[in-house]
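So that the names make sense, note that chain A is the first sequence line, chain B the second, and so on, each numbered from 1. All values derive from a computational prediction rather than experimental measurement.
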2 protein chains.
Amino acid sequence: MTASRPYSQIIERIRHAGLRPTRQRLALAKLLFDNGNRHVTAEILHGESLNHGISVSLATVYNTLNQFTTAGLLREIVVNGDRSYFDTNTTQHHHFYHTDSGHLEDIAGDDVVMERLPAAPSGMEIERVDVIVRVSPT
Amino acid sequence: MTASRPYSQIIERIRHAGLRPTRQRLALAKLLFDNGNRHVTAEILHGESLNHGISVSLATVYNTLNQFTTAGLLREIVVNGDRSYFDTNTTQHHHFYHTDSGHLEDIAGDDVVMERLPAAPSGMEIERVDVIVRVSPT
DNA sequence: GTGATTGCAAATCTTTTGCACTAAA
DNA sequence: TTTAGTGCAAAAGATTTGCAATCAC
């Protein structure tokens with residue numbers, strides 16, 4: 001169990017990202033950031049919201065996830081064309097992807113070490129490196 | 001310029017994958033495998049087919065790409081939720097992804113070396129490791 | 001009040017599917 | 001022939017968008 005964060009802190013966080021702390025952004029942020037590191041899809045988050053009695057449309061969930069991602073509060077992860085995952089852990093780290101269940105699992109940042117990385121093509125700079133380890137049941 | 005492969009070789013390749021060498025599969029295979037390593041989307045391949053006077057429906061292009069992928073002739077790469085890329089290079093290697101243009105570029109297999117890789121979660125085995133280096137203009 | 005945000009439904013886009021037709025073996 | 005493969009249009013999903021209503025400031 002993660003201790004519940006005071007609302008003021010979440011409000012501050014949203015405001016700091018340049019967004020108005022509206023009722024739904026607050027509620028979604030609370031679900032996202034008050035429960036440790038999470039990997040959610042829009043659909044999952046929408047379902048949770050409804051379960052918590054928070055009335056919010058799926059479109060708003062999508063918009064909010066995108067805004068949070070642009071603001072650097074979330075990180076988008078694409079492992080299969082079907083749907084996008086949003087990761088509340090924005091620090092440098094990688095993932096296991098369970099191909100059977102679609103489940104995503106963090107790999108601690110220093111459990112993957114690159115011995116060599118190629119230079120970016122000329123005129124380009126490296127934005128980020130994603131490592132996805134696809135695993136399936138033995 | 002890659003030398004054009006004789007048809008017989010392509011036919012054999014398709015047959016070996018357990019698929020009938022139909023007119024459209026042959027034509028698509030020729031476009032795919034006769035031009036070096038390629039990263040194509042269904043849309044791109046469909047467009048090329050039409051340009052070459054090969055009448056084939058987009059649905060068939062999708063079906064064929066999936067069949068080739070299942071048969072191990074292609075490898076699917078997902079870098080962004082918008083569309084899937086299919087890579088004619090099925091050997092172990094990684095990619096640069098140009099986030100501005102959507103362009104994919106191979107990184108030679110041994111230009112990325114993993115110093116450490118975590119063990120797969122228990123009961124799981126590693127299927128494949130994908131490294132995507134996202135780059136953007138400086 | 002005023003402009004940002006939301007909700008909803010409709011629109012979009014990619015990919016898959018059902019089924020009658022065609023072609024490979 | 002017999003069975004797999006194709007084309008088309010329709011279906012299915014995920015995500016985005018337009019616009020009137022609502023809310024934060």
- Task: Round to a whole Å and report the spacing from CD1 of B:I44 to C1' of C:dT14.
- Result: 14 Å
- Nearest whole angstrom, please: distance from the P of C:dC13 to the CG of B:N80. 15 Å
- Whole Å only: how far is the CG atom of B:D82 from the P atom of D:dT15? 10 Å
- Could you state the interatomic distance from CG (B:N89) to NE2 (B:H95), rounded to the nearest 0.5 Å? 7.0 Å
- Mark yes or no: B:R75 above the aromatic ring of B:F86, with NZ or CZ under 6.0 Å from the six-membered ring centre and no more than 45 degrees from the axis. no
- Near DNA chain D, under 4.0 Å by heavy atom, which residues of residues 15-28 of chain A? A:R15, A:R20, A:P21
- Item | Note: B:R38-B:E48 ion pair, threshold 4.0 Å (strictly below) | yes
- At under 4.0 Å between heavy atoms, what does B:T41 touch on the DNA or RNA strands: base, sugar-phosphate, or nothing? nothing
- Query: Does A:R13 make a cation-pi contact with A:F33 (under 6.0 Å, within 45 degrees of the axis)?
  - Reply: yes
- Query: CD1 of B:I11 versus C1' of C:dA24: gap in Å, rounded?
  - Reply: 12 Å
- Item | Interatomic distance, A:R83 CZ vs D:dT16 P [rounded to whole Å] | 14 Å
- So do B:Y85 and B:V79 actually touch side chain to side chain, heavy atoms under 4.5 Å? yes
- Give the rounded distance in Å between these two atoms: NE2 of B:H46 and P of C:dT15. 14 Å
- Task: Identify the residue among A:T60, A:I44, A:L58, A:L28 that makes a side chain to side chain contact (heavy atoms under 4.5 Å, CB included) with A:S49.
- Result: A:L28
- Measure the OG-NE2 distance between B:S136 and B:H98 for me, rounded to the nearest 0.5 Å. 9.5 Å
- Where along residues 55-74 of chain B does a heavy atom fall under 4.0 Å from DNA chain D? B:S55, B:V56, B:S57, B:A59, B:T60
- Message: Are there over 12 heavy-atom neighbours, none belonging to B:E43, within less than 6.0 Å of that residue's CD?
- Response: no
- Query: Can you tell which of B:T69, B:L74, B:I77 makes a side chain to side chain contact (heavy atoms under 4.5 Å, CB included) with B:D87?
  - Reply: B:I77
- Item | For atom CD of A:E76 and atom P of D:dA14, their distance in whole Å | 15 Å
